[in-house]
Amino acid sequence: MTLTRSVVLGSGSYLPSRVLSNADLAKRVDTSDEWIFQRTGIRERRIAAEGEMTSHLALMAARAALANAGVDTADIQLILLATSTPDYTFPATAVAVQAGLGITHGAAFDVQAVCSGFVFAIATADALLKAGGGKRALVIGAETFSRILDWDDRSTCVLFGDGAGAVVLEAQDLGAADTERGVLATRLRSDGRYQHKLYVDGGPSSTGTVGHLRMEGREVFRHAVGMITDVIEDVFRMTGYSAQDIQWFVPHQANKRIIDASAVKLGIAPDKVVITVDRHGNTSAASIPLALDAAVADGRIKRGDLILLEAMGGGFTWGATLLRW
Ligand code: UT7
């Protein structure tokens, strides 16, 4: 008997070249490196250049992932792009990436679940691949949050950054002795009662403007650890694995204190946690694939490693994925 699973073939990422440090921000708003680092773990973030759009970052990450996977563009049937900062209201930014790669077959669309977008996109790609919707998928998280920040609001402008990451997934029919590879389980959640705790105060159907990010940070923080650990315990229950079994915990990079508290609650050792929030800030849907690719590039993540992904953000949305690399 065989089982179809979505197996990761490779990863890639891209960061804009401009670095914005905490000290740079302190020249603009009433803040300090000490406050930002102590409260969030962030030291610096990247900012997209003028004219550099989400699709440009996504395309660079997609090309890097395809090269790392050794897959030709002709062999990709699905492109899922997780973003809340699309180039345009429509069409989906994913089709700009599709055109940039020179692909005219298959399908490309965006997934919008804010900071949880990459986990939602992995789950969607996994379901489509298993249903026969293609053999290989590019799953990308890409954001230019610098474009929706209120640069006079010190409580939010210090938290976010720009970037993109991507993975290539392939549907593989695994034999009975070899089913523990690829995406093993995903748990997705949302609760719209919290939609105004973290939102953008503009949009095509409300104000006709793009708007700026608004957040009740303390409220988001208060819910984060419980929501994250709940879905992680769900994926452990679904698979029979536990915190002791995983090699790498690759969480959404919003705040080091949230990551640390989640790891402690789950009993995950600090040396198994991949941290990039110090260098990237919160890049929303891009943060997990950026962190994944950083740990692949420096040799920490190896074939066969059991990897736990989680995210929580606007909506609220939250989710976790357990996969074997
Ligand atoms: O990715 C989506 C999910 N998002 C998140 O996970 C973010 C969740 N929230 C957080 O990470 C934290 O709540 C923050 C980092 C946003 C804030 O940390 P906090 O420990 O919750 O601080 P706070 O909001 O309670 O603010 C404490 C103080 C306030 O002053 P008062 O009222 O105590 O006098 C703020 O005005 O810090 C002040 N403050 C700042 N001071 C210096 C707020 N922002 C800044 C700043 N620099 N940038």
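Counting begins at 1 with the first residue of the sequence. Ligands are counted one by one from 1 in listed order, and the atoms in each one are counted from 1 as well.
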* Between Glu216 and Tyr194: side-chain donor-acceptor atoms closer than 3.5 Å -> no
* To do: Provide the full list of salt bridge (Lys or Arg N to Asp or Glu O under 4.0 Å) pairs with a residue in residues 264-290, sequence neighbours left out, each pair given once.
  => none
* Would you tell me whether Thr85 and Glu143 have side-chain atoms, one donor and one acceptor, within less than 3.5 Å of each other? => yes
* To do: Working to the nearest 0.5 Å, report the span between CD1 of Ile307 and CZ of Arg300.
  => 10.5 Å
* Asked: Within 45° of the ring axis of Phe160 and under 6.0 Å from its six-membered ring centre, is that where the NZ or CZ of Arg45 lies?
  -> no
* How about Arg193: does its CZ atom have over 12 heavy atoms from other parts shown lying under 6.0 Å from it? -> no
* Structure fact -> Per the under 4.0 Å non-hydrogen criterion, ligand 1 touches Asp30, Thr31, Trp35, Arg39, Thr40, Cys115, Arg154, Ser155, Val158, Leu159, Leu198, Met215, Gly217, Arg218, Val220, Phe221, His252, Ala254, Asn255, Arg257, Ile258, Asn282, Met312, Gly313
